[in-house]
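Worksheet: the structure to be examined is printed underneath.
In what follows, chains carry the letters A, B, and so on, assigned in the order in which the sequence lines appear, proteins first and then strands, with residues in each chain numbered from 1.
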2 protein chains.
Amino acid sequence: MTRPTFKSFKEEALKREGVKKSYDKLSAGYEVRKQLIALRQKAGLTQEQMAEILQTNKSNISRLESVSSNISPKLSTLTDYAAAVGYKLKIVFVPDNEVRI
Amino acid sequence: MTRPTFKSFKEEALKREGVKKSYDKLSAGYEVRKQLIALRQKAGLTQEQMAEILQTNKSNISRLESVSSNISPKLSTLTDYAAAVGYKLKIVFVPDNEVRI
DNA sequence: AAAGAGGTTATCACAAATGATAACTGCGTC
DNA sequence: GACGCAGTTATCATTTGTGATAACCTCTTT
């Protein structure tokens, strides 16, 4: 065998992609939404008040927080939301060493 | 004074928003892009190889990584990118206790 | 039971991110 | 200098997130 180069790397990558595509988008999104709700509630705000601060409508806040929503928000949307309650966003990339069955 | 309620909270929030709007979008985006590039390079991949894994084109990868780009990527875009190099995304909300002049 | 508060869902219009193609730069190599 | 490699930039088409409005649901209160 040659040393691990692009071809093998790509296969591994695609394996990850394939297995986790739907799962990831759901879980990542799910976690974020839970955090959004928690942040807002900790600040003691309603969706409507949140909407007022962010100069939008409560329905949009609801959609953003909604777990069943399968939209993938923009980074700036999350940043704005966080800023509205006095937080900032930190994006961390963690190695994905999970065992695949 | 009454206890701190929505009105005062909103004023503070808007202050944060106003001061940091442009700054935040730049800095947050800037940091992320630097991380993206670092991740890809650590994996020893070119933009073109990255594009192949993600089944897109190298120009799109370049745009995503480009610091001068003022787009705000979708969460799923970052997640996919990270997954391609064996990482997952963790989004942390940190209190923004910075001193404002 | 009527009214209000808090949240959800549907829909439409609009803005913005992404996909795709092509042309270009800079750089090293032959 | 021609060639290939890595990355950039511009442009257009398409997809998708977001803004806005309205109707609805569930509690709670009166």
For the helix from C/dA1-D/dT30 to C/dC30-D/dG1, what is the angle between the axes at its two ends, each from 5 pairs, rounded to 10°? 30°
OG1 on A/Thr56 to CD1 on A/Ile53, rounded to 0.5 Å: 12.5 Å
Quick one: B/Asp80 CG to D/dT15 C1', roughly how many Å, whole number? 15 Å
Walking DNA chain D from its 5' end, the first of B/Ser62 and B/Lys74 to be reached, judged by nearest nucleotide, is B/Ser62
If the cut-off is 4.0 Å, is B/Asn57 near the phosphate of C/dA20, judged by side-chain N/O to OP1 or OP2? yes
In whole angstroms, the gap separating P of D/dG7 from CD of B/Glu52 amounts to 14 Å
So that I can tick it off, tell me whether B/Lys58 and B/Glu52 are bridged by a salt bridge, with the cut-off set at under 4.0 angstrom between side-chain N and carboxylate O. no
What is the separation between atom CG on B/Leu64 and atom C1' on D/dT9, rounded to the nearest whole Å? 15 Å
Can you find a donor-acceptor N/O pair under 3.5 angstrom joining the side chain of A/Lys58 to the base of C/dG7? yes
Within this structure, what is the CG-to-P distance between A/Leu75 and D/dT18, rounded to whole angstrom? 11 Å
Is there a side-chain contact between B/Arg33 and B/Pro73, using heavy atoms and a 4.5 Å cut-off? yes
Answer yes or no: is there a side-chain heavy-atom contact under 4.5 Å between B/Thr77 and A/Leu75? no
Whole Å only: how far is the CD atom of B/Glu65 from the C1' atom of D/dG7? 9 Å
Considering only heavy atoms and no angle criterion, is a donor-acceptor pair shorter than 3.5 Å present between the side chain of B/Thr77 and the base of C/dT18? no
Would you indicate, yes or no, if D/dG19 has its OP1 or OP2 atom less than 4.0 angstrom from a side-chain nitrogen or oxygen of A/Thr56? yes
If you only use heavy atoms from C-beta on, which nucleotide in D/dG17, C/dA17, D/dG7 is closest to the side chain of B/Ile71? C/dA17
Rounded to the nearest angstrom, tell me the gap between atom CG in B/Asn60 and atom P in D/dA13. 16 Å
Establish, from distance only, whether the side-chain atoms of A/Tyr81 and A/Glu65 form a donor-acceptor pair under 3.5 Å. yes
Less than 4.5 Å apart, side chain to side chain, heavy atoms only: is that true for B/Asp96 and A/Tyr87? no
When the distance from CE of A/Met50 to P of D/dG19 is rounded to whole Å, what number comes out? 12 Å
Return the value, rounded to whole Å, for the distance between atom CD of A/Glu48 and atom P of D/dA20. 14 Å
Between C/dG6 and A/Arg40, is there an OP1 or OP2 to side-chain N/O distance shorter than 4.0 Å? no
Which residue lies toward the 5' end of DNA chain C, A/Ile61 or B/Leu78, if each is placed at its nearest nucleotide? A/Ile61
Are B/Val94 and A/Val92 grouped together when hydrophobic residues (ILVMFWY) are joined by side-chain heavy atoms under 4.5 angstrom apart? yes
No-H, no-angle donor-acceptor pair, B/Arg63 side chain to D/dG7 base, under 3.5 Å: no
